Q: 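Sharing a structure here in structure tokens format.
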Amino acid sequence: MTVTAYSFTGLSLRIATEAIAQTVTDWYDTNARDLPWRQPDASPWSVLVSEVMLQQTQVSRVEPAWHRWMERWPTPAHLAADPPGEAIRAWDRLGYPRRALRLHACATAIVERHDGEVPDDVDALLALPGIGMYTARAVAAFAFRQRHPVVDTNVRRVVARVVEGAADGGAATTPADLRAVEVLLPDDHEAAARASVAFMELGAMICTARAPRCAACPLTTVCAWRLAGSPPADGPSRRTQRYHGTDRYVRGLMMAVLRASDEPVPLGRLDEVWPDAQQRQRALDGLLADGLVRRRGAMVTLPG
DNA sequence: TACTCGTGGCG
DNA sequence: TCGCCAAGAGT
């Protein structure tokens, strides 16, 4: 049975899509990873922190950092009471340290606007620093058990393959992606929240980008991409991202120096990280503009 | 829209 | 080995 085979009426399409969500949820119930932010007693704040850390960073690297973070800053008020530089330092090597700065600003905004409680509606979440279309819905669904399409790269890929028969999700088109996922969600809010995390888990563990484990997939007999013979992606391959030697790389070197020091660092220390003076200047200017670094005369520090 | 923004795991 | 990719957000 395929979705398309049932799509000659709206009613039967509805039945087929609900079967997909139920199948994936059943799979999730026995195959999901035991991640701490998925525990029933995980606080909304701890869920929010996990979602920000997981933006472009793998679970294996996030988990230890998340434990340390939650022990030190169990509520938004705890984080807001410390300087943003401490958040950047604790972020360690998770990457994209602007996320740490925004998470600190997010905690401050939660204290100021929401009396220290993580808001439970998508619009209020969207208004917080560092919380975008994905994270707002993820927090609403996973922390507050609401029914929202939660569309990350995993879900986009699963839907592209199972429903559309494509190898990948192609370019992100947020409104269309939200609609495509919305029709797959059960009406019940708790069931929808479970289906949302189940779709993500399937994309992360089975329906992966490079070597999908279709033999272990609960949707293998239904998947449009599989039934079409798993054709390769047709669009242009995405531009390859290099890293070593880029401005981003030099920024990373400078941030590592600052994280390692409890005291202001002489500018000369940053000159030692990379030979190209022009590139160093660009990197430092960028860090200053982002607010990740403060300059006081010939010294630089993390923001106090 | 397309680009920038870290760091590391993995096939 | 090395290029792809990773629970995106902001501009």
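By convention in this document, chain letters (A, B, ...) are assigned in the order of the sequence lines, proteins followed by strands, and residues within each chain are numbered from 1. Small disclaimer: the values here were computed from a predicted structure and weren't measured.
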Q: Output all residues satisfying salt bridge (charged side-chain N to carboxylate O under 4.0 Å, His left out) with A:R156, sequence neighbours left out; order by chain, then residue number.
A: A:D177
Q: Of all of residues 198-212 of chain A, which get a heavy atom below 4.0 angstrom from DNA chain C, listed by number?
A: A:M200, A:A209, A:R210
Q: Check whether any side-chain nitrogen or oxygen of A:R157 sits under 4.0 Å from OP1 or OP2 of C:dA6, and answer yes or no.
A: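 For C:dA6, OP1/OP2 do have a side-chain N/O of A:R157 under 4.0 Å.
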Q: With no hydrogens and no angle check, do the side chains of A:Q279 and A:D247 hold a donor and an acceptor under 3.5 Å apart?
A: yes
Q: Taking the same atom, C1', in B:dT7 and in C:dT11, what whole-Å distance lies between them?
A: 23 Å
Q: Can you list, in residue-number order, the parts of residues 29-36 of chain A that come under 4.0 Å of DNA chain C, counting heavy atoms only?
A: A:R33, A:L35
Q: Which part of the nucleic acid, if any, lies within reach of A:R137 when heavy atoms closer than 4.0 Å are counted: base, sugar-phosphate only, or nothing?
A: nothing
Q: Restricting to salt bridge (charged side-chain N to carboxylate O under 4.0 Å, His left out), what partner residues turn up for A:R38, sequence neighbours left out?
A: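 If we apply the salt bridge (charged side-chain N to carboxylate O under 4.0 Å, His left out) test to A:R38, skipping adjacent residues, the hits are A:E201.
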Q: Could you list by number each residue of residues 87-102 of chain A showing a heavy-atom separation from DNA chain B of less than 4.0 Å, or answer none if no residue does?
A: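 Within residues 87-102 of chain A, the residues near DNA chain B are A:R93, A:L94, A:G95, A:Y96, A:P97, A:R98, A:R99.
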Q: Please enumerate all residues that pass ring-ring contact (aromatic ring centres under 6.0 Å, His included) together with A:W225, with sequence neighbours excluded.
A: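 Not a single residue meets the ring-ring contact (aromatic ring centres under 6.0 Å, His included) criterion with A:W225.
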Q: Can you sort out the partners of A:R99 under salt bridge (charged side-chain N to carboxylate O under 4.0 Å, His left out), two or more places apart, ordered by chain and number?
A: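 With neighbours one apart ignored, the set is empty.
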Q: What I'd like to find out is whether the side chain of A:L48 reaches to under 4.5 Å of the side chain of A:L103, using heavy atoms alone.
A: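 When only atoms from C-beta onward are counted, A:L103 and A:L48 do touch, with a gap below 4.5 Å.
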Q: Are A:R179 and A:E182 within salt-bridge range, i.e. N to O under 4.0 Å?
A: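 Salt bridge flag = no for A:E182 with A:R179.
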Q: Measure from the side-chain N and O atoms of A:R295 to the backbone N and O of A:G297, and report whether any donor-acceptor pair falls under 3.5 Å.
A: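 Indeed, once roles are kept as given, a pair shorter than 3.5 Å links the two residues.
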Q: For atom P, what is the distance between B:dC10 and C:dA7, given to the nearest Å?
A: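 Pairwise P distance, B:dC10 against C:dA7, rounds to 12 Å.
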Q: Using the side chain to side chain contact (heavy atoms under 4.5 Å, CB included) criterion, which residues pair with A:A256? Sequence neighbours excluded.
A: A:R93, A:R259
Q: Between B:dT4 atom P and A:Y243 atom OH, what is the distance in whole Å?
A: 15 Å
Q: Give, ordered by number, those residues of residues 51-78 of chain A having at least one heavy-atom distance below 4.0 Å to an atom of DNA chain C; if nothing qualifies, reply none.
A: A:E51, A:L54, A:Q55, A:Q56, A:Q58
Q: Just wondering, more than 12 heavy atoms not from A:R213 lying within 6.0 Å of its CZ?
A: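 It does not: A:R213 CZ has 12 such atoms or fewer within range.
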Q: More than 12 heavy atoms of other residues, nucleotides or ligands under 6.0 Å from CG of A:D115: is that the case?
A: no
Q: How long is the line joining CG of A:D168 and P of C:dA6, in whole Å?
A: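 The answer, rounded to whole Å, is 10 Å.
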Q: Would A:R137 and A:L125 count as a side chain to side chain contact (heavy atoms under 4.5 Å, CB included) here? Give the steps.
A: CA-CA 8 Å; A:R137 287 173 174 76; A:L125 287 161; over 6 Å; no
Q: If we take the P atom in both C:dC2 and B:dC5, what is their distance in whole Å?
A: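 It works out to 25 Å between them.
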Q: Measure the distance from CG on A:L292 to P on B:dG6 and round it to the nearest whole Å.
A: 7 Å
Q: Under the salt bridge (charged side-chain N to carboxylate O under 4.0 Å, His left out) rule, collect the residues that match up with A:E190, sequence neighbours excluded.
A: A:R145
Q: Just the rounded figure in Å: distance from C1' of B:dG8 to CZ of A:R242.
A: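 To the nearest whole Å, that distance equals 18 Å.
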Q: Classify A:R259 by what it touches in the nucleic acid, base, sugar-phosphate, or nothing, heavy-atom distance under 4.0 Å.
A: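 Sugar-phosphate only.
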Q: For B:dG6 versus C:dC5, give the span between their C1' atoms, rounded off to a whole number of Å.
A: 13 Å
Q: Hey, what do you get for CZ (A:R248) to OH (A:Y96), rounding to the nearest 0.5 Å?
A: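 That separation rounds to 4.5 Å.
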Q: Here's a test of your reading of the structure: between A:S50 and A:L126, which maps to the more 5' nucleotide of DNA chain C?
A: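 The residue mapped nearer the 5' terminus is A:S50.
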Q: Hey, are the side chains of A:L178 and A:M133 touching, using non-hydrogen atoms and a 4.5 Å cut-off?
A: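 Yes, their side chains come closer than 4.5 Å.
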Q: Let me know the distance between CH2 of A:W274 and P of B:dG6, rounded to the nearest Å.
A: 15 Å
Q: How many Å lie between CG on A:L103 and P on C:dA9, as a whole number?
A: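 After rounding, the reported distance stands at 13 Å.
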Q: So which of residues 246-255 of chain A are in contact with DNA chain B, with a heavy-atom cut-off of under 4.0 Å?
A: A:R248, A:R251, A:G252
Q: Other than A:I88, which residues form its hydrophobic cluster under the rule that side-chain heavy atoms must be closer than 4.5 Å?
A: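 Same cluster as A:I88: A:L101, A:Y243, A:Y249, A:V250, A:L253, A:M254, A:M255, A:V257, A:L258, A:V265, A:L267, A:L270, A:V273, A:W274, A:L284, A:L287, A:L288, A:L292, A:V293, A:V300, A:L302.
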Q: Rounded to the nearest angstrom, tell me the gap between atom CG in A:L48 and atom C1' in C:dA7.
A: 13 Å
Q: Which heavy atom in A:A87 sits nearest to a heavy atom in A:L79, and how many Å separate them?
A: CB-CD1, 4.1 Å
Q: Which value, in whole Å, describes the distance between the P atoms of nucleotides C:dC4 and B:dC3?
A: 16 Å
